[in-house]
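What follows is one structure encoded as C-alpha cells, with my remarks underneath.
Chain letters run A, B, ... following the sequence lines, proteins first, then strands; residues in each count from 1. What you are looking at is a predicted structure, and each value in this text was computed from that prediction instead of being measured.
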Amino acid sequence: MDLLLKKTKELEMQIDEYLDMIVKGALTFRTSIRHYLNGQLDRFSDDRHNIDEIESKGDSLRRAIETKLYLETLIPEFRGDVLGLLESADKVLNMMADTLAQFDVEMPKILEELKPLYIELTDASTFAVEAMVTAIRSYFTELNKVRDNINKAMYYEKETDKISEKIKRTVFQTSIDLCFKIHMRYFAYHIELIADEAEDVCDRLSIATIKRHL
Amino acid sequence: MIWFFLTSGLFLGWSLGANHGVNIFGTAVVSKMVRFKTAAIIAGIFVTLGAVISGEGASKTLNELGAVNTLAGSFTVALAVAITVTMMTKLKLPVSVSQAVVGGIIGWNIFTGSPTDTTSLTKILSTWVVGPVLSAGFALIIFIIIAAILRKIKLHILRLDALTRIGFLIIGAFASYSLGANNIANVMGMFVNSAPFSDIHIFQIFIFSSTKQLFLVGGIAIAIGIFTYSYKVMLTVGNELYKITPITGLIVVLSEAIVLFLFSSEQLEYWLISHKLPSIPLVPLSSTQLTIGAVIGVGLAKGGRGINYKILGKIVTGWAFAPITAALICFVTLFFVQNVFEQKVVNQIKYKISSEVLTTLSQHNIPIEPLLKLKDKDFTGSALFRQTLKKEHKWKENQIYLIFSFSELDSFFVDSTIAKNNLSNGKILHKRLEALKCLHGRAFSYKWQFENALETSSDAWKPKSGNDANIYNKRLKKEKSLVYDLFRKKSQHSDE
C-alpha cells in the first residue's frame with residue numbers, strides 16, 4: 001500500500017511545502033514592513049531579497065505540482081479547482097513581493113504618528129493570508145474546518161478595510177503636501193489589497209468546498 | 001451449424017457487454033480515474049470468471065421458467081431478445097436484457113404451448129422491484145458509513161484520490177465478476193438444455209461441464225462487447241447518468257455489485273440457509289436498474305436533493321415494455337423459423353394421463369373429472385396437450401403446470417451395475433446408493449414415479465422438513481437429478 005501511495009505522498013509534501021512558502025512570505029512581509037518603518041533599511045533589503053527568493057521558488061514548485069497533477073491525471077474531478085486555488089494563492093505571494101519592491105523603489109515617507117497604524121494594517125493583512133493558507137490546507141484534509149478558517153480570513157480582511165480607511169482619513173487631515181498624502185494612501189491601499197486578494201481566494205475556496213462534499 | 005445457432009446468444013452477449021460495461025466502470029472512465037484499457041481488461045477477465053464459476057445459479061431459475069430444448073429454439077429466443085434490446089435502445093427506451101429474456105422465454109412457452117411455472121415467474125417479477133430497492137438501501141447505508149469514516153480519518157484529497165482509484169479497480173473486478181455470474185444466464189441460459197458441448201474431464205479430478213464451457217464462450221462474448229463498444233456507450237450515456245463524484249460512483253458500483261452477487265451466488269445461498277437466514281432467489285437482474293437504484297439511494301442519503309424522479313418512471317416503463325415486446329417478437333420469429341426456415345424450435349414432449357397420474361393429481365387437489373376422458377391417450381407436443389386440456393376445462397396456469405409436470409412421459413431403467421460404476425465415488429451418499437441398487441431392474445415411465453420409488457426405498461431419499469433442512473434438501477435434489485440423468489433412456493424421452 002505504501003508503495004502505491006508513494007507518489008501521492010511526494011505530491012502531498014510538495015503542496016504542503018508550497019503553502020509553507022506562502023506563510024513564510026507573509027511572515028517575511030510582516031517583519032520587513034516593521035524594519036522599513038523602524039528605518040532598519042539593511043534588514044529590510046535582506047527581507048526583500050528573501051521574499052523574492054521565496055516567490056521564485058514558490059513559482060517553480062507550483063509549476064511542478066501542476067505538471068504532476070496533469071501528467072498523472074490526479075484528482076480529475078477537482079484538478080481545476082485545486083490548480084485555480086494554487087494559482088490564486090500564488091498571486092497573493094506575488095502581491096506581497098511586489099509591494100515590498102515598491103517600498104524599496106519608492107521609499108515612501110510615512111508620518112511617525114501613522115506608523116503604528118501601518119503595522120496594524122500589515123498584521124491584519126498577513127493574518128488574513130495565514131488564515132487563507134490554513135483554509136486551503138483544510139480543503140485538502142479536513143473539509144469541515146474550511147469554513148472556520150475562511151471566516152477568520154474574512155474577519156481580518158474587514159479589519160484591513162477599517163485600518164486602511166483610518167490611515168487615509170488621518171493622512172488627508174494633515175497639512176502636508178498632496179503628493180505625500182497620495183503616496184501614503186497608495187501604500188496603505190497596496191497592503192490592504194493583499195487581504196483583498198486573500199479574500200478572493202477564500203471565495204473560490206468556499207465554492208470548491210461545496211463541490212468536494214460527497 | 002451448432003456454432004451458427006450460438007451466434008444469436010453471442011450477439012446478445014456482445015450487446016450486454018457493450019451496454020453494461022458502463023455500469024461498472026462508467027464513472028471511473030468518464031472521470032478519468034481509470035484508463036479505459038485497464039478497466040476493459042479487468043472487466044473482461046472477471047466477467048468471464050464470474051460467468052464460468054458462479055453462473056449456474058441464476059440460469060437454473062431461468063430454466064425453471066421455461067426449458068427451451070432445441071438449438072433452433074434457443075437461437076430464436078436469443079435473437080428475439082437481441083432484436084428487442086437493439087430496437088428499444090435505438091428508440092431510446094429504457095431496456096433491460098434480463099427482463100427482455102424473461103419475455104423471450106415466455107414467448108417460447110406460449111408458442112410451443114409449454115407451461116409457464118408461475119412460482120418462478122412471480123419469484124423473478126418480485127426481484128425486479130426488490131433488486132433496485134435493495135441496491136438503493138445498500139448505497140444509502142454505505143454512503144453514510146463512508147461519509148462518517150472520511151470525516152473521522154481526515155484523508156488528504158490526493159490520498160483519497162489514490163485509494164478511490166484502487167477501490168475502482170477492486171470493486172470494479174468484484175462488480176464484473178458479479179455481472180458475469182448474474183447475467184450470463186441471460187446470454188447463455190436458454191442454450192443450457194441444448195448445449196453443443198460435452199463434459200471435459202481433466203485428470204479425473206476436475207470436470208469442466210458442458211454448461212461451464214458454454215458460459216465461458218458467453219463470458220468471452222460479453223468481454224468482447226466491453227472491449228469493442230462500451231467506451232462509446234460510456235462517453236454518450238456515461239456523461240448523462242453517471243456524472244457523480246468518483247466516491248459516489250464507487251459507492252454506486254459497490255452497491256450494484258453486492259446486489260448482483262447476492263442474487264447469483266449459490267455458495268452465499270448455502271451460507272445463508274445454513275445460518276438460518278432467509279435465502280435470496282438466484283435470478284438475473286438488470287444492472288442498469290440496480291445502478292439507478294443506487295444513485296437514488298445516495299440521493300436519499302444526501303437528504304433527497306437532486307433526485308430525478310423521472311428516472312423512476314422510466315424504470316417502470318422498462319419493466320412493462322421490454323418483456324412484452326420481447327415475447328411478441330419471439331413469438332413471431334419462432335413462427336418464421338419454424339414454418340419458413342423449417343427448423344425445429346421445440347422437442348416435442350410426450351404426455352399421457354395414466355390412472356397413476358390421475359391419483360397423484362387428485363392428491364394435489366386437481367379436479368380429475370375433466371381429465372378422465374383423456375385417460376391413457378398419448379399426446380405429442382405441449383401445444384396439442386394444452387389445447388386438449390383447455391377444451392375439457394378452464395384451468396388455471398398453475399394447475400396446467402402441475403398436470404404437465406405429472407403427465408410428462410419419461411423413461412428410466414435402473415441398473416445396479418451402472419449405479420455402482422458411476423455413483424460409488426462419493427457422488428451420492430452411500431445409504432442412497434445402496435437403496436438405489438435395490439431398485440435394480442425396475443423401469444419407470446414418469447419422473448415422479450421414479451422419485452416416489454426412491455423415497456420408498458429408503459428414508460435417505462426423502463426430503464427433510466424444518467428450518468435446517470434446506471441444505472440437506474438442496475444436496476438431495478442435486479443427487480436425484482444426477483440419478484435421473486444416469487438412468488434416463490434418451491431416445492424415448494424425446495423424439496430426437
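Heavy-atom contacts from other residues, nucleotides or ligands closer than 6.0 Å to CZ of A/Arg43 number 12 or fewer. At most 12 heavy atoms of other shown residues, nucleotides or ligands fall within 6.0 angstrom of atom NZ in B/Lys32. Counting heavy-atom neighbours within 6.0 Å of A/Lys145 NZ, excluding the residue itself, gives a total of 12 or less. Under a cut-off of 6.0 angstrom, the local environment of NZ in A/Lys168 is crowded, with over 12 non-hydrogen atoms contributed by other residues, nucleotides or ligands.
Among residues 13-40 of chain A, the residues having any heavy atom closer than 4.5 Å to a heavy atom of chain B are, in sequence order, A/Ile15.
Side chains of A/Ile75 and B/Pro246 form no contact here, defined as non-hydrogen atoms less than 4.5 Å apart.
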Output a table of donor-acceptor pairs, distance under 3.5 Å, between side-chain atoms of residues 150-160 of chain B and any protein atom two or more places apart or on a different chain; print 'none' if there are none.
{"from": "B/Lys154", "atom 1": "NZ", "to": "A/Glu142", "atom 2": "OE2", "distance (Å)": "3.4"}
{"from": "B/His156", "atom 1": "ND1", "to": "B/Leu158", "atom 2": "N", "distance (Å)": "3.0"}
{"from": "B/Arg159", "atom 1": "NE", "to": "A/Glu12", "atom 2": "OE2", "distance (Å)": "3.1"}
{"from": "B/Arg159", "atom 1": "NH2", "to": "A/Glu12", "atom 2": "OE1", "distance (Å)": "2.8"}

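In this structure, the separation between OG1 on B/Thr245 and CZ on A/Phe78 is 6.0 Å, given to the nearest 0.5 Å.
Partners of B/Lys37 according to the side-chain hydrogen bond (donor to acceptor under 3.5 Å, both in side chains) rule, which considers only residues two or more places apart in sequence or in another chain, do not exist here. Every residue was checked against the salt bridge (charged side-chain N to carboxylate O under 4.0 Å, His left out) condition with A/Asp196, not counting sequence neighbours, and none meets it.
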Using side-chain contact (heavy atoms from CB on, under 4.5 Å), reason through B/Ile247 and A/Arg212 one step at a time and then give a plain yes or no. CA-CA 10 Å; B/Ile247 296 184; A/Arg212 254 210 75 194; over 6 Å; no
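In this structure, the portion of B/Arg165 lying under 4.5 Å from any heavy atom of chain A is its side chain and not its backbone.
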